[in-house]
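Here the structure is laid out as structure tokens; the discussion comes afterwards.
Because the structure is a prediction, the values reported are computed rather than measured.
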2 protein chains.
Amino acid sequence: MPPRKSITLTEAELRLMKMLWVRGESAVSELVAAMPEGEALAYTSVLTTVRILEQKGYVRHRQEGRAFLYSPCVEEQEASRSEVRHMMQRFFGNSRERLLLSLLGDDEIDPEELQRLKEAIASAADDLNPTHGDDAAVNGAPGGLAARKVAL
Amino acid sequence: MPPRKSITLTEAELRLMKMLWVRGESAVSELVAAMPEGEALAYTSVLTTVRILEQKGYVRHRQEGRAFLYSPCVEEQEASRSEVRHMMQRFFGNSRERLLLSLLGDDEIDPEELQRLKEAIASAADDLNPTHGDDAAVNGAPGGLAARKVAL
DNA sequence: AACATAGTATAAATAAATTAGTAGGATTAA
DNA sequence: TTAATCCTACTAATTTATTTATACTATGTT
């Protein structure tokens, strides 16, 4: 059985999403023009990828004159969280705690940063209001994203 | 330019690595036999993947009689951390703090778990001894893994 | 109206990822 | 010694991911 279609963002897809998150609604030609120096892409390359993103539910488009304007319909924060959940499943038995401890236990972390993280956690934990939905709390796979799209 | 060879663990690769982390040194036939019910694989399929893993530096082999015995040469913890670093680069501008806040800010988290996480962080932060190497602190890409291989 | 221009749609080419079939070599069994 | 068995090596088929060329369509210009 060959590889399944990726549910998360691939490299080319993420590159485009980052541009859309920064620029907001954009025509394909604008995305092409906004490509960073040295990694220019053909118009049709961008078009193909942005259409895949639309199939995946990450962007939508509306017509303005004869051009399509694409805009993200999944926020960067939500896409990032989907990605975190995905890797939490793959590598940490779906345990936030294990992921978190791995993050803090990294050898390459220096003491000052660790201190900053502790402070950030302390203040963040207070701000977070525990209003959470009761549906589909465990998955985090494609369903997690789809369910969220409705909520947006 | 077509997709670049993946530096992180693909699905089939991770599946095998998990078995090797649990079982330790194993012959290909043993891995085939140990495959979970319903996702059996042909001998050659496992062989191909484990050879890719060897190319990537995740496993090594020695000869025992006429069979090759494969054993992991990257620990699960280290592979997981490489993966975390990779996604930290892709989605969080290489900032541990941003990843951590995203993790704690997830809507689907419930108050009790948040409390558990805070406690885990508090105790973990004390235990972590700040003895960190001074080399290659920023990368986390393929180099991060390669550099670690030497240290193991 | 003829022509250039700008945009989308379709098709295709390349490489990676996954799975497996077949061939060949060595060891064991009859 | 011949046959069966077990293992690796090579080859291949399929799908996804990435990129682009070509064709087609509509708008605007001369």
field: Shortest non-hydrogen contact from B:W21 toward B:V74
entry: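 Smallest interatomic distance, heavy atoms only, reads NE1-O, 2.8 Å.
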
- prompt: Which heavy-atom pair separates A:E30 from A:E25 by the least distance, and what is that distance?
  reply: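 Residues A:E30 and A:E25, closest heavy atoms: OE1-O, 4.4 Å.
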
Quick one: [X] [atom1] to [N] [atom2], roughly how many Å, whole number?
X: B:L16; N: C:dA17; atom1: CG; atom2: P; value: 15 Å
X: B:F68; N: D:dC6; atom1: CZ; atom2: P; value: 18 Å
X: A:I7; N: D:dA17; atom1: CD1; atom2: P; value: 11 Å
X: A:E64; N: C:dA6; atom1: CD; atom2: C1'; value: 15 Å
X: B:K5; N: D:dT16; atom1: NZ; atom2: C1'; value: 17 Å
X: B:L53; N: C:dA16; atom1: CG; atom2: P; value: 16 Å
X: B:M35; N: C:dT19; atom1: CE; atom2: C1'; value: 11 Å
X: A:H61; N: C:dG7; atom1: NE2; atom2: P; value: 15 Å

task: Take atom CD of A:Q115 as the centre, draw a 6.0 Å sphere, and report whether it contains more than 12 heavy atoms from other residues, nucleotides or ligands.
output: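 Enclosed.
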
statement: Expected string for nucleotides 18-24 of chain D under the B/S/- scheme (protein heavy atoms, under 4.0 Å, primed atoms plus P, OP1, OP2 as sugar-phosphate) is SBBBB--

message: Reading DNA chain D from 5' onward, which residue's closest nucleotide shows up sooner: B:Y70 or A:T8?
response: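 First, find each residue's nearest nucleotide; the 5'-ward one identifies B:Y70.
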
query: Do side-chain atoms of B:R15 reach the backbone of B:T10 as a donor and acceptor pair under 3.5 angstrom?
result: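 Looks like no, no N/O pair under 3.5 Å.
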
- prompt: Are the side chain of B:K18 and the backbone N or O of B:E13 linked by a donor-acceptor pair below 3.5 Å?
  reply: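 It does not hold such a pair.
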
Using a strict threshold of under 4.0 Å (side-chain N to carboxylate O), is an ion pair present between [Y] and [X]?
X: B:E54; Y: B:R62; value: no
X: A:E97; Y: B:R116; value: yes
X: B:E83; Y: B:R81; value: no

Under 3.5 Å, N/O pairs linking protein and nucleotides 26-30 of chain C:
none

- prompt: For residues B:R23 and B:S26, is any side-chain donor paired with an opposing acceptor at under 3.5 Å?
  reply: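 There is such a pair between these side chains.
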
